[in-house]
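Notes follow the structure.
Here is the naming used below: chain letters follow the sequence lines, and residue numbers restart at 1 for every chain. These numbers were taken from a predicted model, which means no experiment stands behind them.
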Amino acid sequence: MAENDPGFYDFTTIERKWQDFWQKNQTFAAKNHSDKPKYYILDMFPYPSGDGLHVGHPEGYTASDIVSRYKRMNGYNVLHPMGYDAFGLPAEQYAVEHGVHPRETTAKNIANIEKQIKMFGFSYDWSRRLATTDVDYYCWTQWIFLKMFNSWFDPSVKAARPISELIHKLESGEYLVSPFDEIIYDEVHGINALSGEPIGCLKYDELEPDRQREIIDNQRLAYMAEVPVNWCPKLGTVLANEEVTNEGRSDRGNHPVFRRALKQWMLRITAYAERLLEDIEKVNWPESIKIMQRNWIGKSTGAEVSFAVDGCEEFIEVYTTRPDTLFGATYMVLAPEHPLVDQLVTAEQKSAVEEYVSQTARKSELERTAETKDKTGVFTGGYAINPVNEERIPIWVADYVMMGYGTGAIMAVPAHDTRDFEFAEKFGLPIIEVVQPPEGIDWRGYVDDGIAVNSGKFDGLSTAEFKQQITEWLEENDLGRAAVNYKLRDWLFSRQRYWGEPFPIVHCEKCGVVSLNEDQLPLELPEMDDFSPASSDDPDSPPSPPLGKLTDWVKTSCPNCKGAAKRELNTMPQWAGSCWYYLRYMDNGNSSEFVNSDIEKYWMAPSEANPCGGVDLYIGGAEHAVLHLLYARFWHKVLFDLGYVSTVEPFGKLFNQGMIRSFAYRDKRGVCIGYADVDLSGDKPRHKETGEELAETVEKMSKSLKNVVNPNEIISEYGADTFRLYEMFMGPLDASKPWNTRDVPGVQRFLQKAWRMIVGADGKVSEAITDCEPDDASLRLLHKTIKKVRDDIEAMAFNTAISQMMIFVNEFLRLKQRSRSAIEIFVKLLSPFAPHIAEELWQRLGHTESVAYEPWPSYKPELTQDPEVELAVQVNGKIKDKITVAANSDEESIRQKALNSIKILAETDGKEILKVIVIKNRLVNIVAK
RNA sequence: GCCGAAGUGGCGGAAUUGGCAGACGCGCGGGAUUCAAAAUCCCGUCCUGGCAACAGGGUGAGGGUUCGAUUCCCUCCUUCGGCACCA
């Protein structure tokens with residue numbers, strides 16, 4: 001059919017027409033109050049990069065759109081929003097490189113990506129659009145930050161409470177302060193169990209105001225601390241652990257990163273480690289993501305043990321998960337940054353230790369990881385006393401022990417710990433067996449459970465029993481106690497960059513770190529021309545945030561004492577804005593609250609399908625498995641504790657789409673060849689010009705591999721409906737799969753067949769469409785299709801739903817008389833997948849309303865099955881014949897029919913029939929000898 | 001090294017979760033229509049042998065459980081994703 005034919009499937013015109021229609025009629029606007037059941041379905045919003053959309057984005061968006069449209073047709077009030085995560089390094093890097101303001105590039109990129117997103121016909125409620133860079137958005141990001149700054153984690157209730165409560169309890173004397181400025185909230189924590197000496201508790205109101213302030217500041221959920229950070233001098237900023245690659249370079253730009261102590265903003269996510277771990281059980285997420293989060297939190301149980309230092313008053317605290325190996329501890333190791341290193345070192349070892357400590361401090365992450373194979377360390381000259389046997393054991397310094405985990409010191413048990421074993425071998429330290437492995441396994445380096453030996457009165461105990469008894473013994477003797485540790489660290493929350501949310505904080509000489517009042521928000525990101533950070537190759541270069549250049553802006557007054565003060569110069573990291581965007585969508589126009597509480601309760605409410613509450617379905621890539629999803633959960637829990645949200649978890653159900661990769665072609669020199677130069681017509685891929693055979697691999701799309709597929713090109717050639725259908729037809733949503741443009745015409749052919757099934761050559765409804773009743777076979781096919789499409793959407797198995805619709809079309813196209821009612825049902829089934837063509841067909845079939853809110857078709861179960869079924873008849877597991885019986889026939893009649901089949905009689909002739917297995921509607925298996 | 005996911009035709013994938021392996025689509029071969037082509041339609045297409053009926057083999061490899069295994073269990077191999085001196 002030619003393009004100017006009236007019956008031609010003109011997808012370009014049709015798609016534009018219906019996108020305009022939906023926009024004009026606000027078809028997909030969601031109401032914040034409704035009698036309908038609600039369904040909140042969320043996509044991970046994109047970062048608007050200059051490259052625009054790639055084919056991976058619309059994969060998840062199409063899936064969520066299908067579910068959204070399906071839910072609407074099932075009578076749900078659906079919230080399906082879209083927005084942009086627009087602060088962050090890439091935009092700023094691009095702006096610096098091109099000399100344009102990030103506000104401009106961001107606006108341009110958003111406009112571009114939004115235009116692209118709208119080409120797909122997704123049913124977003126565009127009135128809820130937001131960008132994290134909007135002032136009326138980040139105003140509330142700052143507001144949430146203030147909530148964290150003005151809260152502390154009360155261990156007695158395991159929840160965030162306003163800091164004013166803490167001050168009140170301290171002032172009233174209910175809570176006391178330890179000499180180490182820790183809060184003492186009950187008797188257990190008032191006794192220093194480790195040194196065995198009762199310690200004096202201080203009364204808060206007897207302390208100096210500066211000390212009081214320090215104590216309070218140290219309890220805030222958002223606090224400043226001098227911490228070892230990943231400093232990237234080239235980017236002029238610190239980076240979170242997660243922004244540093246395995247090779248010790250920056251995720252952005254691949255620049256070297258160094259360890260360095262700097263005073264930074266931190267968020268106390270570690271306080272929530274246990275709740276983040278516990279509540280992961282409540283959500284309906286892929287098990288693999290849950291495991292990743294559990295590993296990231298990294299809970300372990302063991303004991304803290306106190307080792308006395310020989311000849312000095314100090315104690316070394318260690319954390320171990322294997323207190324049962326205490327008798328095998330033959331030396332100790334301190335992290336180079338450990339505060340006791342200076343005190344323990346003897347005169348003759350002083351220079352060697354100092355040299356080692358300063359060397360490790362200088363090492364970049366790259367150097368430290370590169371040396372993992374070879375252990376290094378230096379003897380301090382000092383000795384500790386092993387509390388279980390009074391042995392005198394040497395204390396070493398080594399960088400295989402890190403300050404950030406446990407206590408920064410370990411007891412080394414070389415016989416039963418791989419790292420200690422390597423270290424002891426290298427430095428000739430004693431190795432003593434204390435765990436006996438099963439027969440035949442060498443005890444040297446044996447790290448699993450076994451039977452205790454060389455452990456005094458504990459000999460013969462199993463590892464588990466030993467752990468329990470020794471922990472009790474340590475507690476009784478004030479030498480230690482049971483302890484829990486987490487790998488999770490507090491979240492480094494500040495960046496020395498321009499393009500981020502400014503901290504609503506001032507530094508006052510008199511009052512210290514002071515937050516702005518809520519009515520002073522938003523603190524707008526000031527305009528500036530030269531926003532580039534100080535870039536350097538020197539690891540010791542001082543951080544100088546761009547905002548520091550705005551001397552007038554920096555000077556301000558203290559909200560507290562009204563005296564002179566300076567503004568905080570750091571900005572928040574990119575993750576900040578994405579921590580709560582799902583809340584803002586619900587009520588994005590609200591200028592007096594971040595979200596209205598009734599509206600929040602409506603959309604986040606638990607339901608039968610989502611007992612945990614929160615977003616009903618969140619679809620996005622697995623690359624956010626830990627960071628974004630953990631950070632957002634943390635913020636949500638803080639907001640929950642403070643009473644601002646109604647659920648403990650933000651995302652009740654999560655689904656990860658798989659990565660779309662594509663074929664890459666290389667010639668024999670390994671040079672990547674673009675698709676334009678690859679000839680696929682033969683049995684092997686060849687170079688179009690040289691004819692050289694090319695190697696084919698499936699890889700992540702990247703410019704360097706020349707295997708990037710641009711969605712715009714696919715849409716202009718085949719249409720958005722085809723694009724959507726192709727991405728869903730490729731395979732299961734959660735699987736990683738290769739894009740293959742050659743397959744795209746196949747799904748377009750299906751849409752063309754569907755079109756021809758309904759539209760005649762004259763552009764009117766085909767003459768084959770009549771008001772006749774469908775024949776029995778077509779009726780059954782229709783009901784099978786309704787059931788299959790419904791079940792498959794519920795199971796997010798869109799590929800097989802599409803297969804079923806293809807079968808339907810192939811069959812119905814053959815029919816001379818096509819029942820209008822059956823055809824209309826088909827159009828409804830198709831509409832979530834290919835909404836433009838469905839609307840057009842629906843209209844041509846004579847309807848004046850959009851198909852988007854038509855009720856979803858229902859099926860009769862009895863019509864989803866054929867009246868007769870063919871069963872395979874096996875003899876000893878091999879198919880020998882087939883029989884046809886009525887559906888749901890009873891076993892006995894099937895058995896008789898099978899045994900009496902001529903082929904089976906011949907097959908079993910002369911054999912003894914031992915057993916006949918009949919599986920209803922499936923098969924018969926005859927066991928014969 | 002540790003954790004996780006996955007290996008099925010020439011390709012993407014399907015298989016009611018233990019019951020006829022290869023649905024659907026691509027590609028390829030043959031035919032119809034056409035002056036010819038595009039488009040469309042029909043037939044064929046897991047491998048081996050055979051003109052054929054048919055026979056044998058077959059879901060990464062090897063073993064096991066079972067009347068019966070792509071599906072469950074053990075060992076190994078490969079690919080992808082994550083973590084990585086976490087005491």
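Checking B:C41, B:C3, B:C85 against the side-chain heavy atoms of A:Leu813 singles out B:C41 as nearest. Of the candidate nucleotides B:C41, B:G25, B:G13, B:C41 has the atom lying nearest to any side-chain atom of A:Arg756. Taking only side-chain atoms of A:Met402, from C-beta outward, the nucleotide of B:G13, B:C80, B:A87 with the closest atom is B:A87. Side-chain proximity of A:Tyr400 to B:C3, B:C85, B:A87: nearest is B:C85. In the set B:G13, B:C20, B:C41, the nucleotide with an atom closest to the side chain of A:Lys753 is B:C41. Side-chain proximity of A:Asp743 to B:C24, B:C26, B:G12: nearest is B:C26. Picking from B:A23, B:A87, B:A14 the nucleotide with the shortest atom distance to the side chain of A:Ile807 gives B:A23. Listed candidates were B:C24, B:G56, B:C85. Nearest to the side chain of A:Lys375 is B:C85. Distance from the side chain of A:Trp296 is smallest to B:C83 among B:C83, B:A23, B:G27. In the set B:G13, B:G4, B:A87, the nucleotide with an atom closest to the side chain of A:Ser300 is B:A87.
Pair assignment for B:C83: B:G1, on the basis of Watson-Crick or G-U wobble contacts that are both within less than 3.5 Å. The nucleotide B:G50 finds no pairing partner, because no Watson-Crick or G-U wobble arrangement with both distances shorter than 3.5 Å includes it. The partner of B:U45, taking Watson-Crick or G-U wobble pairs whose two distances both stay under 3.5 Å, is B:G27. The nucleotide B:C67 finds its pairing partner in B:G19, both defining distances of the Watson-Crick or G-U wobble pair being shorter than 3.5 Å. Pairing partner, B:A37: none, since no Watson-Crick or wobble contact has both distances short of 3.5 Å.
Taking the six-membered ring where the residue is Trp, A:Phe798 and A:Phe833 present perpendicular rings, their angle passing 60° and hence far from 30°.
Using a 4.0 Å heavy-atom criterion, one finds that A:Asp734 contacts no nucleic acid atom at all. Residue A:Lys878 is in sugar-phosphate contact alone, with no base atom involved, counting any heavy-atom pair closer than 4.0 Å across all strands shown. Residue contacts for A:Glu870: at a heavy-atom cut-off of 4.0 Å it reaches a base atom on one of the strands shown. Contact annotation for A:Ile410: base contact, defined as any heavy-atom pair under 4.0 Å involving a base atom. Using a 4.0 Å heavy-atom cutoff across all strands shown, A:Leu923 reaches at least one base atom of the nucleic acid. At a threshold of 4.0 angstrom between heavy atoms, the contacts of A:Pro732 are confined to the sugar-phosphate backbone, with no base atom among them.
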Between N or O atoms, less than 3.5 Å apart, protein on one side and nucleotides 62-72 of chain B on the other: list the pairs.
residue : atom : partner  : partner atom : Å
B:C67   : O2'  : A:Asn925 : ND2          : 3.3
B:C67   : O2   : A:Asn925 : ND2          : 2.6

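Using a 4.5 Å heavy-atom threshold, the side chains of A:Arg661 and A:Lys737 count as separate.
Note on A:Arg444 versus A:Glu425: salt bridge recorded, some NZ/NE/NH1/NH2 to OD/OE distance being below 4.0 Å. Using a 4.0 Å cut-off between a side-chain N of Lys or Arg and a carboxylate O of Asp or Glu, A:Arg666 and A:Glu699 qualify as a salt bridge. A:Arg294 has a carboxylate O that lies under 4.0 Å from a charged side-chain N of A:Glu281, or vice versa, which qualifies the two as a salt bridge. A salt bridge does not link A:Arg322 to A:Asp417: none of the charged nitrogens lies less than 4.0 Å from a carboxylate oxygen.
In terms of phosphate contacts, A:Tyr319 brings no side-chain nitrogen or oxygen within less than 4.0 Å of OP1 or OP2 of B:A87. Regarding contacts with the backbone of B:C42, a side-chain N or O of A:Arg814 is found under 4.0 angstrom from either OP1 or OP2. OP1 or OP2 of B:G25 has at least one side-chain nitrogen or oxygen of A:Asn810 nearer than 4.0 Å. In this structure, A:Arg742 does not reach the B:G25 phosphate: none of its side-chain N or O atoms is under 4.0 Å from OP1 or OP2.
In this structure, the CG atom of A:Asn740 is 12 Å from the P atom of B:C28, given to the nearest Å. Put simply, CG on A:Leu733 is 18 Å from P on B:G12, counting in whole angstrom units. Atom CG in A:Leu725 sits roughly 12 Å away from atom P in B:C26 (whole-Å rounding).
If A:Met292 and A:Ser288 are placed on RNA chain B by their nearest nucleotide, the residue sitting closer to the 5' end is A:Ser288. Looking at which nucleotide of RNA chain B each of A:Asn921 and A:Ala409 is closest to, the 5′-most match is held by A:Asn921.
Just one of A:Tyr675, A:Phe663, A:Phe723, A:Phe729 meets the ring pair (Phe, Tyr, Trp, His ring centres under 6.0 Å) condition when paired with A:Trp739; it is A:Phe723.
Both cation-pi conditions hold for A:Lys375 and A:Tyr400: the charged atom is under 6.0 angstrom from the six-membered ring centre and inside a 45 degree cone around its axis.
Donor-acceptor pairing under 3.5 Å is lacking for the side chains of A:Ser300 and A:Asn485.
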